[in-house]
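One structure is given here, and the rest of the page talks about it.
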Amino acid sequence: MTTDGNRTSVAVIGAGPAGLTAAYELVRRQVPVTVLEGDSMVGGISRTAEREGWRFDIGGHRFFTKVPEVEALWHEILPDEDFLLRPRMSRIFYDGKLYDYPLKAGNALGNLGPVEAVRCVASYLWARIRPPKNQDTLEGWIVARFGKRLYQHFFKTYNEKLWGVPVDQLPADFAAQRIKNLSLVGAVVNALTPKRNQKEITSLIEEFQYPKYGPGMMWETAARKVQERGGTVVMEEKVRTVHWEPGRGVTALTTVVTGGYGAGAGAPEASRSDIGAEKRYEADHVISSMPFSSLVNALDPKPPAEVLAAADALKYRDFLTVALVLPVEAGFPDNWIYIHSPDVQVGRIQNFGSWSPYLVKDGRTCLGLEFFVNVGDDTWNRSDEDLIAQGARELEQLGLAKASDVERGFVVRMPKAYPFYDAGYKENVEVIRRWIEENTPNLHPVGRNGMFRYNNQDHSMLTAMLTVQNIADGTHHDIWDVNVEEDYHEEVSSQRTDATADDHGSPRPTAA
Ligand SMILES: O=c1ccn([C@@H]2O[C@H](COP(=O)(O)OP(=O)(O)O[C@H]3O[C@@H]([C@H](O)CO)[C@H](O)[C@H]3O)[C@@H](O)[C@H]2O)c(=O)[nH]1
């Protein structure tokens, strides 16, 4: 297997966590690899943006995992001294008060006041006696576990902001992994049970690892190491065409030089002078983390109409961050807070100063106001200046800071931040997957957008690691089986035994 000019053994589309993990694992095995990235930055949605020395996440990316191989790879890429262990704190800002999130019974009921607390307990008990018949919707799933009133207070408006549709139109598919159950009954039982008989739940959420200069540090280092070890990382080239032949599968890729996507004022300058030029890469295998639907549309010749229709039916939720620089006193101890109020558009606010002191400077902090949007809607199209002014106004409206305290602002737009799970997405993914397996078995989708799976970066990385084993080591892992368990992501549950405890007294992570 040799790389000869634009001929490579494996072409990897995308330099996010999945693509760079694949490349890293390939160079470890001395397999020639070329990574093709359309943007000027690596990291995908796990990048760290930098504007005038302010570094911030697109969202906020904690490093926690139940997968030991992923944990090991993080620490192989970055030395231990580059990791911080950060306390996690997140609350909901609701009706002028802050509530712990994940919800804690005492805190939520205490804050709501005695009358509303009684109503919430009654509706919680009612949901236990008469659970909703349809728990396949997100609304039914949450009401069954929290009761209608807590659902209305703490879930309905936020999910409508986040996903942009009524909650009864959303399937419950991601809920078990991402929404921590509230057990009023469990809390009482635990209080009455001797400790030795209790099931130990180790929370992964009270602290998390974080590279001191943000997640981008991980992926910038991974890209550098891939190149030092003989791999090629091509920036600012977007894959336009995926060439395939019946009976042979994928044979080559055509890219177009983009000069980067220039996401917002202060974004990195294009490094290429040949913008618009086309390049061709021949490859034996293609590992693709480009959006699943875009991959289908890039295939040449076109796949059958039902496959194209399935791809067109897959929708995404897009996202933009308005990063505002304020005096440090305007910050809060939380890493982020959820904003439910329908009176403002902002959905979540990160305080990057609480993530890492290395992200902020000069006695100031940087707040990341997150707006969940669709590409091309009014908010997406608004100018950066308007969005910064709106962010400052909404901070004041919420009573979190004075608009006049905002000293500087930056906007980063991130298309396709979340795969949007609607009633038909599973079947559509299945149609595409089957067609690829039958017609282009050397084309390997990986990662969150690559597989249209609402995965965090650890599971995205795992799909890439297993794919490389399939290509280079002859294994037969089914990467579609990664992260299908209905387990809450942020807890490791085990029976209390000292033999499984590590030096800090917590159980070792178990395989996901
Ligand atoms: O008030 C709330 C808050 C959340 N939900 C529901 O929970 C789901 C998951 O929320 P979250 O973990 O914030 O979502 P996300 O997928 O964006 O997670 C990434 O963000 C970070 C971190 O949580 C914030 O930076 C995390 O490391 C990543 O996994 C959400 O979809 C809601 O359905 C709610 O109902 N009410």
Side-chain angles (χ1 to χ4, degrees), residues 16-18 20-21 24-25 42-50 55-90 101-102 177-178 180 200-225 331 333-337 348 350-360 365-366 368 447-448 455-465 482-483 487-494 500-512:
L20 286 171
T21 297
Y24 193 94
E25 290 296 315
V42 298
I45 192 177
S46 299
R47 73 185 56 192
T48 301
E50 179 159 3
R55 288 179 68 89
F56 50 92
D57 288 9
I58 313 303
H61 295 274
R62 286 173 288 159
F63 284 65
F64 68 93
T65 186
K66 298 182 197 176
V67 187
E69 302 91 300
V70 169
E71 177 78 33
L73 188 58
W74 284 338
H75 286 274
E76 190 181 315
I77 296 172
L78 280 186
D80 286 351
E81 59 269 24
D82 283 343
F83 280 98
L84 306 174
L85 195 57
R86 300 300 294 169
R88 177 242 169 102
M89 184 172 180
S90 64
Y101 190 83
Q177 295 185 339
R178 290 183 180 265
K180 187 179 184 322
E200 185 174 345
I201 304 288
T202 298
S203 173
L204 299 178
I205 59 179
E206 271 142 33
E207 47 187 27
F208 59 87
Q209 303 175 84
Y210 190 71
K212 61 187 186 183
Y213 290 108
M217 186 183 190
M218 173 72 68
W219 303 114
E220 288 151 24
T221 308
R224 180 172 49 75
K225 289 190 171 177
D334 312 58
N335 311 95
W336 67 90
I337 53 180
R348 203 167 55 178
Q350 307 284 340
N351 179 12
F352 293 111
S354 300
W355 284 80
S356 166
Y358 296 90
L359 298 182
V360 296
T365 194
C366 178
R448 174 160 164 155
N455 279 341
N456 284 346
Q457 62 175 338
D458 60 334
H459 288 116
S460 297
M461 291 171 66
L462 185 59
T463 60
M465 291 164 117
V482 169
N483 194 26
D487 281 348
Y488 182 55
H489 273 165
E490 306 196 17
E491 272 173 356
V492 181
S493 165
S494 67
T500 57
D502 68 14
D503 299 340
H504 309 289
S506 47
R508 293 182 202 291
T510 56

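Here the structure is a predicted model, which means the values were calculated and not measured.
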Kindly indicate whether the side chain of Q457, heavy atoms from C-beta on, has any atom under 4.5 Å from the side chain of V70.
no
Can you sort out the partners of Y210 under ring-ring contact (aromatic ring centres under 6.0 Å, His included), two or more places apart, ordered by chain and number?
W355
Measuring from Q350:CD to I58:CD1, what's the distance to the nearest 0.5 Å?
10.5 Å
Any chance you could measure T221, atom OG1, to L78, atom CG, to the nearest 0.5 Å?
4.5 Å
Using only atom types and a distance under 3.5 Å, with no angle test, would you say the side chain of T21 pairs donor to acceptor with the backbone of M465?
no
Looking only at non-hydrogen atoms, find the nearest pair between S460 and A18 and report the distance.
O-CB, 3.7 Å
For residues P215 and H61, report the shortest heavy-atom separation together with the two atoms involved.
CG-CB, 4.0 Å
What closest approach, in Å, do V42 and A223 show between heavy atoms, and which atom pair accounts for it?
CG1-CB, 4.2 Å
Can you find a pair of side-chain heavy atoms, one from F56 and one from L359, that are under 4.5 Å apart?
no
From R88 atom CZ to E206 atom CD, the distance as rounded to the nearest 0.5 Å
9.0 Å
Nearest-0.5 Å distance, CD of residue Q177 to CG of residue D487
8.0 Å
Under the 3.5 angstrom rule, does the side chain of S90 hit a backbone N or O of W336 as a donor-acceptor pair?
no
Short side-chain donor-acceptor distance under 3.5 Å, E76 and Y24
yes
Show your working on side-chain contact (heavy atoms from CB on, under 4.5 Å) between T65 and M461 and close with a plain yes or no.
CA-CA 11 Å; T65 186; M461 291 171 66; over 6 Å; no
Non-hydrogen side-chain atoms of N456 and R178 separated by less than 4.5 Å
yes
Might you point out which heavy atoms bring P17 and W219 nearest each other, and give the distance in Å?
CB-CZ2, 3.6 Å
Looking at R55 and E50, would you say the former's side chain and the latter's main chain have a donor-acceptor pair under 3.5 Å?
no
Please tell me if the side chains of D57 and T48 come closer than 4.5 Å, counting only heavy atoms from C-beta onward.
yes
Sub-4.5 Å side-chain heavy-atom contact between L73 and E25
yes
As an exercise, state the distance from CZ of R62 to CG of D458, rounded to the nearest 0.5 Å.
11.0 Å
Return the set of residues passing side-chain contact (heavy atoms from CB on, under 4.5 Å) with T463 (not counting sequence neighbours), or none when no residue passes.
V446, M451, I479, V482
Heavy-atom distance under 4.5 Å between the side chains of N335 and M89, does that happen here?
yes
Is there a donor-acceptor contact under 3.5 Å from the side chain of R86 to the main chain of S354?
yes
Backbone N or O of Y488 within a donor-acceptor pair of the K180 side chain at under 3.5 Å?
no
Test item: H489 and H459 side chains (from C-beta on) under 4.5 Å apart, heavy atoms:
yes
What are the two closest non-hydrogen atoms of N351 and G331, and how far apart are they?
ND2-CA, 3.7 Å
Would you check if the side chain of S356 reaches a backbone N or O of K212 as a donor-acceptor pair within less than 3.5 Å?
yes
Go through the steps to decide whether F83 and H75 satisfy the test ring pair (Phe, Tyr, Trp, His ring centres under 6.0 Å), and finish with yes or no.
CA-CA 9 Å; F83 280 98; H75 286 274; 4.2 Å; yes
Are side-chain heavy atoms of Y213 and E220 found at a separation under 4.5 Å?
no
Got a second to check how far I77's CD1 is from M218's CE, nearest 0.5 Å?
5.5 Å
